[in-house]
Amino acid sequence: MAEKQLRRNLAVLPIGTVMKLTGQTARQIRYYEAQQLVLPERTAGHQRLFSLNDVDRLLELKDYLAEGATIAQIRQIYQKQAQKRQQPELSDTQTRQLLAQELLSVSGLVGQRSAISQSSKLY
DNA sequence: CTTCTGACA
DNA sequence: TGTCAGTA
């Protein structure tokens, strides 16, 4: 199951194939890359190589754009999704435990009042 | 022949 | 965006 996802992320498709698969022009695909909406890999000779996930991304992009979304809006959507993968949201209890630990470790140095404001900056 | 970057109507 | 030029 994990092996399959790995293959979907394998960059092996040249732009010509992606054009046929998405119905987009090379110009558009390159433009979307410039806008950070897709991040294809490169061969030693600078040729773009797309993965199946990249193709899905472009197909999805076509829908979002058709629905009137802005390049900037779509970019933010993907950026926030990427951030959440690296920094998964904490459950309420996890947050409380973490906050409690921060409070304990910082209060010893600066006292409770400022300890609260300092630890809150961490979230 | 295919792709790449930069540029211009 | 399309398209043309000059490359790799």
Side-chain angles (χ1 to χ4, degrees):
Chain A
M1 188 71 179
E3 190 72 23
K4 202 157 144 192
Q5 280 292 20
L6 238 145
R7 297 189 197 283
R8 284 189 92 45
N9 282 315
L10 281 184
V12 292
L13 317 175
I15 199 168
T17 304
V18 178
M19 287 175 66
K20 295 173 182 172
L21 257 33
T22 66
Q24 295 166 316
T25 66
R27 181 78 167 80
Q28 295 176 304
I29 297 171
R30 292 180 185 128
Y31 175 69
Y32 298 148
E33 180 193 23
Q35 302 310 305
Q36 304 286 289
L37 297 179
V38 273
L39 25 160
E41 286 174 23
R42 295 296 183 116
T43 65
H46 298 166
Q47 305 242 136
R48 275 169 261 256
L49 285 185
F50 300 77
S51 69
L52 293 175
N53 282 329
D54 288 330
V55 173
D56 285 343
R57 183 91 143 197
L58 288 170
L59 253 20
E60 204 175 295
L61 219 52
K62 198 159 75 166
D63 292 336
Y64 279 68
L65 258 42
E67 290 173 40
T70 300
I71 300 292
Q73 297 179 310
I74 300 173
R75 185 199 297 119
Q76 293 186 344
I77 292 176
Y78 287 139
Q79 289 184 332
K80 290 199 173 184
Q81 288 184 343
Q83 285 178 42
K84 287 199 171 184
R85 291 191 184 96
Q86 299 172 55
Q87 216 163 66
E89 241 190 57
L90 300 166
S91 68
D92 278 12
T93 58
Q94 287 180 310
T95 304
R96 281 189 244 288
Q97 295 184 327
L98 236 176
L99 185 56
Q101 294 185 330
E102 292 296 338
L103 237 38
L104 287 175
S105 62
V106 183
S107 64
L109 291 161
V110 296
Q112 292 238 14
R113 265 276 171 274
S114 49
I116 294 177
S117 62
Q118 282 202 22
S119 55
S120 66
K121 290 178 183 174
L122 300 173
Y123 299 92

Quiz item: Rounded to the nearest 0.5 Å, how far apart are CG of A:L21 and CG of A:L59?
Solution: 7.5 Å
Self-check item: Rounded distance (Å) that lies between atom P of B:dC4 and atom CD of A:E41
Solution: 14 Å
Practice problem: Just do the side chain to side chain contact (heavy atoms under 4.5 Å, CB included) check on A:L37 and A:Y64 with the steps written out, would you? | Solution: CA-CA 12 Å; A:L37 297 179; A:Y64 279 68; over 6 Å; no
Quiz item: Would one find a side-chain N or O of A:R27 under 4.0 angstrom from OP1 or OP2 of B:dT3?
Solution: no
Quiz item: Within this structure, what is the CD1-to-C1' distance between A:I29 and C:dG2, rounded to whole angstrom?
Solution: 14 Å
Quiz item: For C:dT7, which nucleotide is its Watson-Crick or G-U wobble mate, given both distances must be under 3.5 Å?
Solution: none
Quiz item: Under the criterion side-chain contact (heavy atoms from CB on, under 4.5 Å), which of A:L61, A:V38, A:L39 is the partner of A:Y78?
Solution: A:L61
Exercise. Would you mind reading off the distance between A:E33 atom CD and B:dT5 atom C1', rounded to a whole angstrom?
Key: 12 Å
Quiz item: Does A:Y31 make a side-chain N or O approach to OP1 or OP2 of B:dT5 shorter than 4.0 Å?
Solution: no
Quiz item: Counting only side-chain N and O atoms of A:R48, is one of them less than 4.0 Å from OP1 or OP2 of B:dC4?
Solution: yes
Quiz item: In whole Å, what is the span from the CE atom of A:M19 to the C1' atom of B:dC1?
Solution: 14 Å
Quiz item: Hey, does the side chain of A:T25 come within less than 4.0 Å of C:dG2's phosphate (OP1/OP2), counting only N and O?
Solution: yes
Quiz prompt | Distance, rounded to the nearest Å, where A:H46 contributes NE2 and B:dG6 contributes P | solution = 12 Å
Quiz item: Should B:dC1 form a Watson-Crick or G-U wobble pair with both distances under 3.5 Å, which nucleotide is its partner?
Solution: none
Quiz item: Can you tell me how far the CD atom of A:E41 sits from the CG atom of A:N9, to the nearest 0.5 Å?
Solution: 9.0 Å
Quiz item: Which whole-number value in Å describes the distance from A:I15 CD1 to B:dT3 P?
Solution: 7 Å
Exercise. Indicate, with a heavy-atom threshold strictly under 4.0 Å, whether A:F50 touches base, sugar-phosphate, or nothing.
Key: nothing
Quiz item: In terms of the nearest nucleotide of DNA chain C, which residue is placed more toward the 5' end: A:L65 or A:Q47?
Solution: A:L65
Self-check item: Rounded distance (nearest 0.5 Å) linking atom CD1 of A:I71 with atom CD of A:Q36
Solution: 12.0 Å
Quiz item: Within the structure shown, what part of the strands sits under 4.0 Å from A:G16 by heavy-atom distance: base, sugar-phosphate, or nothing?
Solution: sugar-phosphate
